[in-house]
Amino acid sequence: MNVTRAMGAAMRRIHVGNALSAFGLGFTVPYLYVYVAQVRGLGAVTAGLVLAVFAVAALIVLPFAGRAIVRRGPLPVLVAALVTAALGALSLGLAGAAATVLLSAAALGAGQAVMQPALATMIVDCSTADTRSRAFAMQFFLQNLGLGVGGLIGGHLVDTTRASSFTLLFAIEAAVFLLLVGVVATVRMPHSPRIEDAPARSAKGGWKQLLGNRTMVQLCVLGFVLFFACYGQFESGLSAYGVEAAGISTSALGTALAANTLMIVVAQFAVLRFVERRRRSRVIAGVGLIWAVAWLAAGYAGLGHGSQEMATAAFVSTYALFGLGEAMLSPTVAPLVADLAPEGMAGQYNSAFALVKQLALAVGPAVGGPLGASLHAPYVVTFLLFSLGITYLALRLGRQLTAVQDQPWLARSSRVVTRGGASTEPVAAEA
């Protein structure tokens, strides 16, 4: 067996945790703007600041989260993040003043940001090179399912004429996070190295070590482009482009977002079987090409001269193609981050990559929003080139990876996994 029963039981609880955390996020985040601006009557500026606070809080805490995970382990850090997020959600549902709303949003945003690398590190600790791709694919599947179900249920609970309905919404979200504390508290994590010697291995030293890993730095650059060209455009530039250039209705935009989620849910495990036996670098390069086709479809939707029905179909296809690429990335990129991390440093590497994602999600809308709304052709061309850039960067990264990092199935025969770019370690084999 590749994993023990204990590791399998732990992994099941971790997956429940991923689903619950995503459910909590999807439950309230889509309605934050309406809640702050209209229900609490604090205006559009304050509502915009709340959304910005989410990103800023994540950027502040993630550099410290990695070091905390390395020193203390992912489980205590996850519990602290969940309690912080629960307090933030509960206070947000009760807040009436702008200052209280912003402080509550900061707590909720910081807690949710730290959940991601903590859960990812728990997956690393409970998996081997053989099982890691499938574990991260399951994580991504459950996250999207949780987001979709949470958003659907939350939308039926809220009533903009009753602030109490939003208070109930945030109270349920807080309860979900506290429930998750109970779930993860029962997880028995396998032993994994922790770095306890503080002065010699300071947080600064940990970041210096990470930045000295050229392969990881290249992967972070690639990750920034991936998130900037896809996730950073979903609800900003691409939606603005669709409405302004292609005349897409709000209902059609909702259909496009649903097509994205549906593609991920339906295709995830079929795609997994396809990518498991292929080089990771080439899979990522293939995603760049798929997304280039997606941007061509978007270009036809907004710049072509077809019927409105054809434009809508092309626009929905753009989101579906993005979903196909996302399904290919989930069992590829996150396991690669783990395999590049030296022993005991997975938390630092996961947090660094989460920080890169947050930066891309902060910059993406700021750049894509104005472009998509007013400069339609330059917008499509820019992100078409970014997608082709993904292919180039992925192939370049492939030349830096060891054979087992790029083709993890080789570990089954060699029983050796190369981690951190320079060292080799045996994969735990079990009877």
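It should be emphasised that the depicted structure is a prediction, and the values quoted were computed from it without experimental measurement.
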Give a yes or no on whether the backbone of A327 and the side-chain of S330 come within a donor-acceptor separation of less than 3.5 Å.
-> yes

With a 4.5 Å heavy-atom cut-off, do I123 and Q139 have their side chains touching?
-> yes

Side-chain touch K357/F224, heavy atoms, less than 4.5 angstrom | no

For Y300 and M310, indicate whether the former's side chain and the latter's backbone hold a donor-acceptor pair under 3.5 Å.
-> no

May I have the step-by-step check of side-chain contact (heavy atoms from CB on, under 4.5 Å) for S91 and L87, ending in yes or no?
-> CA-CA 6 Å; S91 61; L87 291 174; 5.7 Å; no

Determine whether M138 and F269 make a side-chain contact, defined as any pair of heavy atoms from C-beta on separated by less than 4.5 Å.
-> yes

From T402 atom OG1 to L340 atom CG, the distance as rounded to the nearest 0.5 Å | 8.0 Å

Y349 versus N213: any side-chain heavy-atom pair under 4.5 Å?
-> yes

A285 backbone acceptor or donor facing T391 side chain under 3.5 Å = yes

Q143 (side chain) donor-acceptor with A22 (main chain) under 3.5 angstrom | no

Hey, could you give me the CZ/CD distance between F140 and E326, rounded to the nearest 0.5 Å?
-> 4.5 Å

Determine, step by step, whether M115 and F177 satisfy the side-chain contact (heavy atoms from CB on, under 4.5 Å) criterion, reporting the C-alpha distance in whole Å, the side-chain angles of both residues, the deciding distance to 0.1 Å, and the verdict.
-> CA-CA 10 Å; M115 289 179 206; F177 290 141; 3.6 Å; yes

Calculate, to the nearest 0.5 Å, the distance between atoms CZ and CD belonging to F315 and Q308 respectively.
-> 11.0 Å

Regarding N350 and Q116, is there a side-chain donor-to-acceptor distance under 3.5 Å anywhere?
-> no

Pair R280-D406, salt bridge (Lys or Arg N to Asp or Glu O under 4.0 Å): steps then yes or no | CA-CA 5 Å; R280 286 168 167 168; D406 206 17; over 6 Å; no

4.5 Å side-chain heavy-atom contact, L336 and L401 = yes

Under 3.5 Å, is there a donor-acceptor pair between the side chain of T318 and the main chain of A294?
-> yes

From the options W291, F228, Y241, select the one residue that forms a side chain to side chain contact (heavy atoms under 4.5 Å, CB included) with F383.
-> F228

The reported gap from CG in L238 to CG in L371 (rounded to nearest 0.5 angstrom) is 12.5 Å

What pair of heavy atoms forms the shortest contact from G223 to F353, and how long is it?
-> CA-CZ, 3.8 Å

Can E244 and S374 be counted as having a side-chain donor-acceptor contact under 3.5 angstrom?
-> no

State yes or no: are the ring centers of W295 and F322 separated by less than 6.0 Å?
-> yes

Do L108 and T84 have side chains that get closer than 4.5 Å, going by heavy atoms?
-> no

Check step by step if side-chain contact (heavy atoms from CB on, under 4.5 Å) holds for V265 and F141.
-> CA-CA 6 Å; V265 171; F141 170 82; 3.5 Å; yes

Have a look at L226 and tell me which of L219, I390, V356 forms a side chain to side chain contact (heavy atoms under 4.5 Å, CB included) with it.
-> I390

Q400 (side chain) donor-acceptor with Q218 (main chain) under 3.5 angstrom = no

Please test Q348 against I69 for side-chain contact (heavy atoms from CB on, under 4.5 Å), starting from the C-alpha separation and ending with a verdict.
-> CA-CA 7 Å; Q348 184 92 49; I69 293 171; over 6 Å; no

L393 vs L397 side-chain heavy atoms within contact, under 4.5 Å | no

Atom of G372, atom of H376 and distance for their closest heavy-atom approach | O-CD2, 3.2 Å

Throw together a table of side-chain donor-acceptor distances under 3.5 angstrom for residues 56-63, partners on residues two or more places apart or in other chains.
none

Between V114 and P117, what is the shortest heavy-atom contact and its length?
-> O-CD, 3.3 Å

Does the N260 side chain pair with the main chain of Y319, one donor and one acceptor, at a distance under 3.5 Å?
-> yes

Between R282 (side chain) and R278 (backbone), is there a donor-acceptor pair under 3.5 Å?
-> no

Which value, rounded to the nearest 0.5 Å, describes the distance between L42 atom CG and L49 atom CG?
-> 10.5 Å

Heavy-atom nearest pair, V77 first then G73, reads CG2-O, 3.5 Å

Over all atoms of both residues, closest heavy-atom pair of A89 and E173 | CB-OE1, 3.4 Å

pair L82-V184: side-chain heavy atoms closer than 4.5 Å | yes

Nearest non-hydrogen partners of V124 and A338, listed with the distance | CG2-CB, 3.4 Å

OG of S165 to CZ of F170, rounded to nearest 0.5 Å, is 10.0 Å

